[in-house]
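A quick write-up on the structure given underneath.
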Amino acid sequence: MLKHSSHELQLPLLSSVIKAVRTGIIVFDQDQRIVLWNRWIEFHSRLKEEAVLGKTFAEVFPDMVNSRTHIALREALANSLASLISQTLHKAPFPLYINAANPDKGVLMQQAVHVMPLDVAGQPRHCLVQISDVSTAVARERKLREMAQELQSQTFVDGLTGIANRRRFDLHLEDEFRRAKRNASPLSLIMIDVDCFKNYNDNYGHQQGDECLTRIANALSSVLHRSRDLLARYGGEEFSVILPETTAEGAERVAESMRTVVEALALEHAYSHAAPHVTVSLGVSTLVPEHSSQTSHLIHTADRALYQAKHAGRNRVVVFSEPNKKTG
Amino acid sequence: MFQLTELQHDALAEIFNLGVGQAAAAMSRIVNEEVTMSVPIVAFQNRAEVATTLDSPNERRICAIAQHFEGAFKTKTFLMFLEEKSLELVRLMVGQSLSMEELSEMEQEAMSEIGNIVLNSCMATLANISGRELQGSLPTYHVGTCNDILSHSDKEWDGVVLTLKIDFNIERHEIHGYVAFLLDLPAMNDLRDYIDAYLAKLTG
């Protein structure tokens, strides 16, 4: 490209190009003194070329002494090793501002920094520091991350166990509650809690804890066969089952089957107060919804039955009954 | 295959343990948490053996950071992880846990920096012992099968590969990675000379 120009012409040309490029360029000599400081750096650092030329790294960047960038500079000058300083692990190594013209709104620029040894003919090795503004890329990635999170929360499947998640449970319960109201049919709910699961996690580790939950979820779902029955992961180690058109007796039978299949998994649990293996406690509640009934009542009563099951020694089924009524 | 005496082999393991010790210190400073690293295994292998070591006979995806070195020691080096391990390592370093299936652009850059730190530290220790100058390139990031990655000048490497198994310990998590050095005959001879120099210094 430059073949027609003489060397005398090339040098000022290259120097102008380096000054003008839209990326930060600083060159340090063997003694870590600044010998080149381009306009982009000048603008974003608010430090004029005249103020920094000939000064050392430590004089110009006192807060960065012995930082990773400083160590990289030393390695480049001493060992000729190149280093990458990533935005993700360092945010903003150099005190550079996005909108330097407006110091009051001084937002630090997110940077990617490359530190490279630079051979200069006839002189001891120099070091080239190149700084790129990655603020836009960082913002774009944050946006993507938020969208991915949003998508994840909108799905209906529990990420770990593959069964329905809490969101799906809430919607399904609303639907079935309305339907039961219209048809004046019984609707049952089972709340299930894994016994002493905290002890399990603490002693066997979270990975095995996750594995345990997945196997329980599989076992529980094997008990259900009707299309409108729904097993969901309600919370950490809590599951819930919606059984439309099911009486308390029917729900109790389902709950008992669920208790049995979990026990049959024979997953060792040396730290349980209930048994030497993994067990579950289940609370059952049934309701024929009336005009004013709410789903929260069904959940609340199933929860109370579950609490009683826990209290009575775990690994059992308790069916909720109103205090003023006989068990039905 | 390239052979070292038991003494030379132990010395080489010690040299690399020194190197990764420095890399771990640098990584600890970045995350403000204790990061420890060790090299439990040093081996000379051919390319196919490396693939087996990396548990990739099924062509599992490997994430690698590559750098060239010249001077004291001419080699192309790689820090390699099974892809899911690289996700785990970066997310431990960065402290984010969103489970995207691939490293994002910014995470790739962080991974490159981790590789840069580890490879530079290993090579700087060698350069120190040799007393000669070493030039290192910037890191590049690659994803592919072990065979895709272990190549030089776009040719699959048919020489010796020096592999180090590296254990990273961060926040009670242990992650295994591998460092591979592609060695031609002159590089192997240089390496043996440096080990002997190191041993001579130790024994006075």
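So that the names make sense, note that chain A is the first sequence line, chain B the second, and so on, each numbered from 1. All values reported here derive from a predicted model rather than from experimental measurement.
By the neighbour-count criterion of 12 heavy atoms within 6.0 Å, atom NZ of Lys19(A) is sparsely surrounded, having that number or fewer from other residues, nucleotides or ligands. More than 12 heavy atoms of other residues, nucleotides or ligands sit less than 6.0 Å from atom CD of Glu174(B). A 6.0 Å sphere centred on NZ of Lys91(A) holds more than 12 heavy atoms belonging to other residues, nucleotides or ligands. A 6.0 Å sphere centred on CG of Asp158(B) holds no more than 12 heavy atoms belonging to other residues, nucleotides or ligands.
Residues of residues 17-37 of chain B lying under 4.5 angstrom from chain A, judged on non-hydrogen atoms, are Arg29(B), Ile30(B) in numerical order.
Of the atoms belonging to Asn120(B), heavy atoms from both backbone and side chain fall under 4.5 Å from chain A. Both the backbone and the side chain of Ser112(B) come within contact range of chain A, judged by heavy atoms closer than 4.5 Å. Of the atoms belonging to Arg142(A), not a single heavy atom falls under 4.5 Å from chain B.
Side chains of Glu113(B) and Ser86(A): a donor-acceptor N/O pair is present below 3.5 angstrom, by distance only. For the residue pair Glu109(B) and Thr88(A), no side-chain donor N or O sits within less than 3.5 Å of a side-chain acceptor on the partner.
Between the CD atom of Glu133(B) and the CZ atom of Arg125(A) there is a distance of 4.0 Å, given to the nearest 0.5 Å. Atom CE in Met106(B) sits 11.0 Å away from atom CG in Leu144(A) (nearest 0.5 Å).
Leu134(B) places none of its side-chain heavy atoms less than 4.5 Å from the side chain of Asn79(A). With contacts defined as side-chain heavy-atom distances shorter than 4.5 Å, the pair Ile114(B)/Leu89(A) qualifies.
Nearest heavy atom pair, residue Ala124(B) against residue Leu81(A), reads CB-CD1, 4.0 Å.
Of the listed residues (His114(A), Arg140(A), His90(A)), the one with the most heavy-atom contacts under 4.5 Å to chain B is His90(A). In terms of heavy-atom pairs under 4.5 Å with chain A, the best-connected choice from Ser137(B), Gly71(B), Ala72(B), Gly136(B) is Gly136(B).
Of the possible donor and acceptor atoms, none in the side chain of Asn116(B) sits under 3.5 Å from a partner among the backbone N and O of Ile85(A).
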